[in-house]
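All chains are named by letter (A, B, ...) in the order of the sequence lines, taking the proteins before the strands, and each is independently numbered beginning at 1.
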Amino acid sequence: MKTLSDTWSWLTTATHWSGPDGIWNRLGEHLYLTVVCLLISCLIALPVALVLGHLGKGGALAVNISNIGRAVPTFAVLVLLLLTPVGTYGQWSTIIALVLFAVPPLLTNAYVGMREVDRDVVRAARGMGMSGRQMLWNVELPLALPLILTGVRIAAVQLVATATLAALAGGGGLGRIITAGFNLASTPQVVAGAVLVAVFALLVESLFEAGQRIAPSRGREAA
Amino acid sequence: MTPRPRWNGRVTAPPDDCLARNEWICGAYLSSRREILWDAALQHLQLTALAVVIGLALAVPLALAARRLRWAAGPVLGLTTILYTIPSLAMFSLLLPVYGLSAALVVTGLVLYSLTLLVRNILAGLRAVPEETRQAARGMGYGPVRLLLAVELPLALPAAMAGLRIATVSAVSLVTVGAIVGYGGLGNLIYSGMNTYFKAQVLTASVLCVVIAVAADVLLLGAQRLLTPWTRRGGQ
């Protein structure tokens, strides 16, 4: 119980919220890392997955890349990149590591979504004289959207988690509050940082879940 | 831990080997640090195995409860999903006041993660047992316990094993984060290697992590084949 009240008083101390090490700044860094890396990952993974899914090629790679991503420890990749020449360019090693772990779920889900589109619908579209591009944009993409969005949600949650770990390898973000707490041997600060990270992750998850609930219904209305 | 020759009081030229040059791949590292690597790998295996076994022991009853009691399914799945969303560093940190800097902290964190994957997959496997199969077993005079042990659980095994494989591979990878409290198996070597810029140590420990994950996955796949011979018969 003492830890709880200590954590509460740590969180409610005004000085812990301001300044370069403050919660607001760390939250901003975390949000920035998550959003930028999500955009980069989507720009890399989605075009590849959509084209591969449309052509029906490279399925083994698109599906297995998730399994490979799971076997490689995030922490190891963060440290490995930090020790390469990339690590000397500020945040780049963190950004690359984050993107590496966000791409697999995006790729796998978008590919599977494209392949699970009813083949009869695709054949009907071709019979109506649609070109490959029209089929991709007007038929397959809208029907694959729910699974694509699932991939985006998983990637976003993964990014929040990886960005937290990046603090161990010298990166910014809310994880820094936790690692600083460990260095100071301050359990209240460690727990306070963990609570902030957990709340942030759950907020991101529920935000994307809500977005997913809205998106497919709009697709159905248009159809 | 620094990859430097031992100081013996005399000024000698440092040996020009891969340790001195701090190369990524270094045979001398492997031969001189064999014991450290072995101890770290052993701790890695122990933490993973303990977490997965405890996770399995908790997940089976939870999945059965969620299957039997309709009202329990929602809360059980919801709670495990929330646990899975919490980032690993935060999860270990939240457990700090309870366990302190101990191996139990790491094991508990890993158990909480594996629960999600295991409960989901076991429940999916149980739900996929065809109602006709269940009725046939009941018609043959199977009681509820025998139905569960001899019909439902074996048929749920492929889905459960898939969950077990994912949970194990994830646990192997997540153990490394335990380095923050000093119980991270090979993660400890990665962490100290990072602080001393010791490239060979970081790369060797990372590769060993992946090797352990792949080996565990292949072993479990083999076990699954042995336990479910019927899935191999007659193709699909």
Exercise: identify the closest heavy-atom pair between [X] and [Y]:
X        : Y        : result
A:Thr164 : B:Leu89  : O-CD2, 3.6 Å
B:Tyr197 : A:Leu82  : OH-O, 3.9 Å
A:Ala169 : B:Met194 : CA-SD, 3.7 Å
B:Cys209 : A:Pro73  : CB-CG, 3.6 Å
A:Ala76  : B:Ser206 : CB-OG, 3.3 Å
A:Val191 : B:Ser93  : CG2-O, 4.0 Å

Partner chain B: residue of [options] with the largest heavy-atom pair count (under 4.5 Å):
options                                : answer
A:Ala192, A:Pro188, A:Ala194, A:Ala161 : A:Ala194
A:Val79, A:Ile68, A:Thr162, A:Leu196   : A:Val79
A:Val72, A:Leu168, A:Val197            : A:Leu168

#### Entry: Residue, of B:Ile180, B:Val210, B:Val207, that accumulates the most heavy atom pairs under 4.5 Å with chain A
B:Ile180
Side chain, backbone, both or neither of [X] within contact of chain B (heavy atoms, under 4.5 Å):
X        : answer
A:Val157 : side chain
A:Ile178 : side chain
A:Val195 : both
A:Thr84  : both
A:Ala163 : neither

Considering residues, nucleotides and ligands other than [X], do more than 12 of their heavy atoms fall under 6.0 Å from its [atom1]?
X        : atom1 : result
B:Arg21  : CZ    : yes
A:Trp8   : CH2   : no
B:Arg70  : CZ    : no
A:Trp92  : CH2   : no
B:Leu227 : CG    : yes

### Query
Any side-chain heavy atom of B:Phe198 within less than 4.5 Å of one from A:Leu83?
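They are not in contact (no side-chain heavy atoms under 4.5 Å apart), so the answer is no.
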Check whether [X] gets within reach of chain A through its side chain, its backbone, both or neither, counting any heavy atom under 4.5 Å.
X        : answer
B:Val172 : neither
B:Leu174 : neither
B:Ala90  : both

### Query
How many angstroms lie between atom CD1 of B:Ile190 and atom CZ of A:Phe75, to the nearest 0.5 angstrom?
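Interatomic distance, B:Ile190 CD1 to A:Phe75 CZ, rounded to 0.5 Å: 6.0 Å.
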### Query
Which of residues 44-55 of chain B have a heavy atom under 4.5 Å from any heavy atom of chain A?
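Residues qualifying by a heavy atom under 4.5 Å from chain A are absent, so none.
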### Residue-level interface, residues 72-88 of chain B with chain A, non-hydrogen cut-off under 4.5 Å
B:Thr81, B:Ile82, B:Thr85, B:Ile86, B:Pro87, B:Ser88
